[in-house]
**Student:** 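Sharing a structure, written as structure tokens. Questions coming.
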Amino acid sequence: GQQVQQSPPASLVLQEGENAELQCTYSTTLNSMQWFYQRPGGRLVSLLYSPSWAEQRGGRLTSSAASNESRSSLHISSSQITDSGTYLCAKLSGSFNKLTFGAGTRLAVCP
Amino acid sequence: EAAVTQSPRNKVAVTGGKVTLSCNQTNNHNNMYWYRQDTGHGLRLIHYSYGAGSTEKGDIPDGYKASRPSQENFSLILELATPSQTSVYFCASGDEAGGVYEQYFGPGTRLTVL
């Protein structure tokens, strides 16, 4: 079964300016995780990389991880229309740093 | 920014035909990966490589082969393409720098098998 579960599970609609929190839960111990952004039909763009013990910040984005709870979060503040797209989390593991992805959350920010 | 390119960007193949997807990275990364992306599944790892001459099976390797002839190039080979292999394929490269490990992705190849 799916080792990485994302929530909201499929899609999220926000009004411009609202905040959002996306979460990932893992079936095994969390090592590090990486959050990606993808436009429809586009390549994945790395947003934040977060070791399990650290909070990472990048502009309006903040990621945090709770390894003891096997959970990580991506917080988007003051959402903008250009934030619309799909957000994927991925758990990093193994000696060759393989990624295990969640199914993604499609975010739509409306004016 | 890491540079990963893929070719072709779009491909239509017939069932039973051979398909080769190519990936090139100019970042001198040791590790390279092939994923496929399907609705409801996110990205799933097919094959990966930790250096020239090496290939390893990922989570869904059946029906696929891989080749890493050089540090820069990593190919995914479908010897006998099937309609179930219709998908978007992404290549990535990655390495560790300063305690941080990140993967950088190519633009994707949309493959349709008829």
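Side chains are part of it too, since the values below use all heavy atoms of this structure and drop only hydrogens, waters and symmetry mates. Computed from a predicted structure; not experimentally measured.
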**Student:** Could you report the tightest heavy-atom contact between B:Gly106 and A:Arg43, atom names first, then the distance?
**Tutor:** O-CB, 3.2 Å
**Student:** Output every pair passing disulfide (SG to SG under 2.5 Å) with a member in residues 24-55 of chain B, not counting sequence neighbours, ordered by first then second residue.
**Tutor:** none
**Student:** Measure distances from B:Leu45 to the heavy atoms of chain A and classify the residue's part below 4.5 Å as side chain, backbone, both or neither.
**Tutor:** side chain
**Student:** Measuring from A:Lys98:NZ to B:Tyr48:OH, what's the distance to the nearest 0.5 Å?
**Tutor:** 4.0 Å
**Student:** Report yes or no: do B:Val19 and B:Val88 belong to one cluster of Ile/Leu/Val/Met/Phe/Trp/Tyr joined by side chain heavy-atom distances under 4.5 Å?
**Tutor:** no
**Student:** Is B:Phe90 reachable from B:Trp34 through a run of I, L, V, M, F, W or Y residues, each pair having side-chain heavy atoms under 4.5 Å apart?
**Tutor:** no
**Student:** Taking every non-hydrogen pair under 4.5 Å, which of B:Arg44, B:Gln6, B:Gln103 racks up the most with chain A?
**Tutor:** B:Gln103
**Student:** Does any backbone or side-chain atom of A:Gln6 lie under 4.5 Å from a heavy atom of chain B? Answer side chain, backbone, both or neither.
**Tutor:** neither
**Student:** Search all heavy atoms of B:Phe105 against all heavy atoms of A:Leu44 and return the closest pair with its distance.
**Tutor:** CB-O, 3.8 Å
**Student:** If you look at every heavy atom in A:Leu99 and B:Tyr35, which pair is closest and at what distance?
**Tutor:** CB-OH, 3.5 Å
**Student:** Counting only heavy atoms not in A:Arg106 (residues, nucleotides, ligands), do more than 12 fall under 6.0 Å from its CZ?
**Tutor:** no
**Student:** Between B:Gln37 and chain A, with a heavy-atom cut-off of 4.5 Å, which part of the residue counts as in contact: side chain, backbone, both or neither?
**Tutor:** side chain
**Student:** Do B:Leu76 and B:Tyr50 sit in one hydrophobic cluster, given that two such residues count as connected whenever their side-chain heavy atoms are within less than 4.5 Å of each other, even indirectly?
**Tutor:** no
**Student:** Same hydrophobic cluster for B:Tyr64 and B:Tyr33, using side-chain heavy-atom links shorter than 4.5 Å among ILVMFWY?
**Tutor:** no
